[in-house]
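Working notes, structure below.
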There are 2 protein chains.
Amino acid sequence: MTAKDNRPLTLRDVSEESGVSEMTVSRVLRNRGDVSATTRERVLAAAKRIGYVPNKIAGALASQRVNLVAVIIPSMSNMVFPEVMTGISDALDETDLQPVVGITGYQPEKEEKVLYEMLSWRPSGVILAGIEHSDASRAMLRASGIPVVEIMDVDGTPVDSVVGISHRRAGQQMAEAIVESGYKRIGFLGTKMLLDHRARKRFEGFTQALAKAGIEVADQEFYSGGSALAKGREMTADILKRTPDLDFIYYSNDMIGVGGLLYLQEQGIDIPNQIGLAGFNGVNLLKGLPKRLATMDACRYDIGKQAAEIIAARVDQEDEVEPTTVMLEPTIDFGDTFRNH
Amino acid sequence: MTAKDNRPLTLRDVSEESGVSEMTVSRVLRNRGDVSATTRERVLAAAKRIGYVPNKIAGALASQRVNLVAVIIPSMSNMVFPEVMTGISDALDETDLQPVVGITGYQPEKEEKVLYEMLSWRPSGVILAGIEHSDASRAMLRASGIPVVEIMDVDGTPVDSVVGISHRRAGQQMAEAIVESGYKRIGFLGTKMLLDHRARKRFEGFTQALAKAGIEVADQEFYSGGSALAKGREMTADILKRTPDLDFIYYSNDMIGVGGLLYLQEQGIDIPNQIGLAGFNGVNLLKGLPKRLATMDACRYDIGKQAAEIIAARVDQEDEVEPTTVMLEPTIDFGDTFRNH
DNA sequence: GTGAAAGCGCTAACAA
DNA sequence: TTGTTAGCGCTTTCAC
């Protein structure tokens, strides 16, 4: 037996209950304008008594303001985006803006759909992962007239503002560090990269920098789906069967790297002397491992935080603000899987 | 240079562009009512040409319908809720409902706030984790008059419908299995449980069932914060220093369990003969480990899926439907850390 | 098959 | 400090 019969309460109900005009009730509930302490308390008491919950739909329509920020990301199930979200939440907690999340599953068509859905709620801003979007998506974003921040990746042309790292450069830096440490027979294991542009850019930067040192990737393999940890084990076993003389494996993310690390330790292989390893992302998980996998911090928290701050700033000062570009500097953490460190 | 000057487009703009009345434009855009193919195409073309995105705020206010389902959960950063969300999304994908997520951080006051915010958007339904809520929260839920499904836990009195497992029983079952396998000196490691009711219930069921077998928990420790994997290592080391003769450790979640498992393997301890281990949740991660930790599937995906299905069914048939209770049966996976299995 | 009028519940702007 | 009036952009209802 739920209370279904009674229509939702309105301002009018509070007004009648308190004997104060709707307008003044509205002011009290929003802490807007001057209201006498007496009236204020009478209204608050009445609202509480009848259990009034404001209708934001009506409020948003009337005020033409929605305190929502659309956040559009590919996934929530790996470790990377939750941390971005934390940064966004922390920044927005200081404002009256609220994040609303949409998930694209790395599919451009889904992104377009989610974006359309989100924009139809007229949010105050949009944060979206990546810098590659369909023409239709870009058009929607531009036409929306609201602040847009693309995050994670700065290698490309943003619609408006952008906060991220250069994944191409991240790949290069890792390659340089590997070469510098004297590794020569280098393998790469990663996700299928048709839709993961950031992984692709890292790989491109990686091979480029190796080429500069006269080295070619000795072997490589790509996966999709499944438990990353398990995939890391399998692929590591595979690649070493195929190419036993590898002395370094670069993984496109930390989870498959950890899978590989655990497998190699089990096999009694000397890490980092016989084989060196590195991943990417700087996930917190690594801290609890027997050996800490070398990795590169992707600045996820900061990216989220700064993106949200840009939105918040734009919302405050309605006037024309120039698009911002923030390029963060990821740093290598050599952990215990890198020779000479 | 963003296009800020031009106000967002309205139905009226599409109407003018296409030479069709606002009303008919509205019908086309919603696929409602009979519209001639000619008119339909003319409208669609016009909408696309000028880049119109409907205003759902206005639509929702006018129609008194919002295709949103509020999902309120404690956290997104562990492995459990993302999987619940996947179940919810999968179920809602077959409807025109959309999930909107709010995060409480396990804090009742935050839950109350988030719930209030969410309800003020007048969603079509609410799914919220746990069955313990403040009186104010319960009152809001009841007063909202919309379908409510509490998830994860069935040990208590729901506001409306509920889908979950009995955590008390889960703890009992694990205790029984441990006793049956002949373990005698049993330790417990878990989170501080003041606010994590489900962990508390598992612990209560666990100690209860042990008591029935004449066994008391030999040692225990609780943590909060930090990397679960690292905490699992530390606490495992600690508890064995204090109580070296333990022959089983029950962890309140898989992540700290894995930390413990990796630590003990490093120490050369024979698992499961010298010490047996078990966690809780059945996270996918376990598959990639050298030894698979014993665990108990918490039916997370199914819980999400069924909860969403209940909401969807309720939204369809407006008429009074009885509150549903669905109690799922978790199963033990003995993995490689349980003697005699 | 199409259009005109009314109003969803709230807030901006102005009046008192 | 408080109240009144007029919409916000759409959908419902009813008329054509």
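Chain A is the first sequence line, chain B the second, and so forth, proteins listed ahead of strands; every chain is numbered from 1. Please read all numbers here as calculations on a predicted model, not as lab measurements.
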[N], OP1 or OP2 - any side-chain N/O from [X] closer than 4.0 Å?
| X | N | result |
| --- | --- | --- |
| A:Ser21 | D:dG3 | yes |
| A:Thr24 | D:dG3 | yes |
| B:Ser36 | C:dG1 | no |
| B:Arg32 | D:dC10 | no |
| A:Thr39 | D:dT2 | yes |

Exercise. Do B:Leu128 and B:Leu141 come close enough that some side-chain heavy atom pair is under 4.5 Å?
Worked result: yes
Could you give the [atom1]-to-[atom2] distance, from [X] to [N], as a whole number of Å?
| X | N | atom1 | atom2 | value |
| --- | --- | --- | --- | --- |
| A:Arg12 | D:dT4 | CZ | P | 11 Å |
| A:Glu22 | D:dA6 | CD | C1' | 14 Å |
| B:Leu9 | D:dG9 | CG | C1' | 13 Å |
| A:Gln64 | C:dA13 | CD | P | 11 Å |
| A:Met23 | D:dG3 | CE | P | 11 Å |
| B:Tyr52 | D:dC10 | OH | P | 3 Å |
| B:Leu11 | C:dG3 | CG | C1' | 14 Å |
| B:Leu61 | C:dC8 | CG | C1' | 4 Å |

Exercise. When you match B:Arg122 and B:Val20 each to their closest nucleotide on DNA chain C, which lands nearer the 5' end?
Worked result: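 Looking at the nearest nucleotide for each, B:Val20 comes out on the 5' side.
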For this session: Please figure out whether B:Gly19 or A:Ile57 has its closest DNA chain C nucleotide nearer the 5' end.
Result: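 Nearer the 5' end of the strand: B:Gly19.
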For this session: Please confirm whether any donor atom in the side chain of A:Arg7 sits under 3.5 Å from an acceptor in the base of C:dG9, or the reverse.
Result: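 By the distance-only test, no, there is no pair.
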Problem set entry | A:Arg49, CZ: over 12 other non-hydrogen atoms inside 6.0 angstrom | yes
Exercise. If every non-hydrogen atom of B:Ser144 is compared with every non-hydrogen atom of B:Leu119, which pair is closest and at what distance?
Worked result: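 So the two residues come closest at CB-CD2, 4.1 Å.
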Exercise. Is the shortest side-chain N to carboxylate O distance from B:Lys113 to B:Glu109 below 4.0 Å?
Worked result: no
Using a cut-off of 4.0 Å on non-hydrogen atoms, how would the nucleic acid contact of [X] be classed: base, sugar-phosphate, or nothing?
| X | value |
| --- | --- |
| A:Asn55 | sugar-phosphate |
| B:Arg27 | base |
| A:Arg65 | sugar-phosphate |

Exercise. Quick one: which of C:dT11, C:dG1, D:dC10 gets closest to the side chain of B:Ala62?
Worked result: D:dC10
For this session: Look at the side chain of B:Ala58 and decide which nucleotide, out of D:dT4, C:dT2, D:dC10, has an atom nearest to it.
Result: D:dC10
For this session: Please name the residue in the list B:Arg142, B:Arg138, B:Arg314 that meets the salt bridge (Lys or Arg N to Asp or Glu O under 4.0 Å) test with B:Asp160.
Result: B:Arg314
Problem set entry | Interatomic spacing from CE in B:Met327 to CD1 in B:Ile165 - rounded to 0.5 Å |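 Reported to 0.5 Å precision, the distance equals 9.0 Å.
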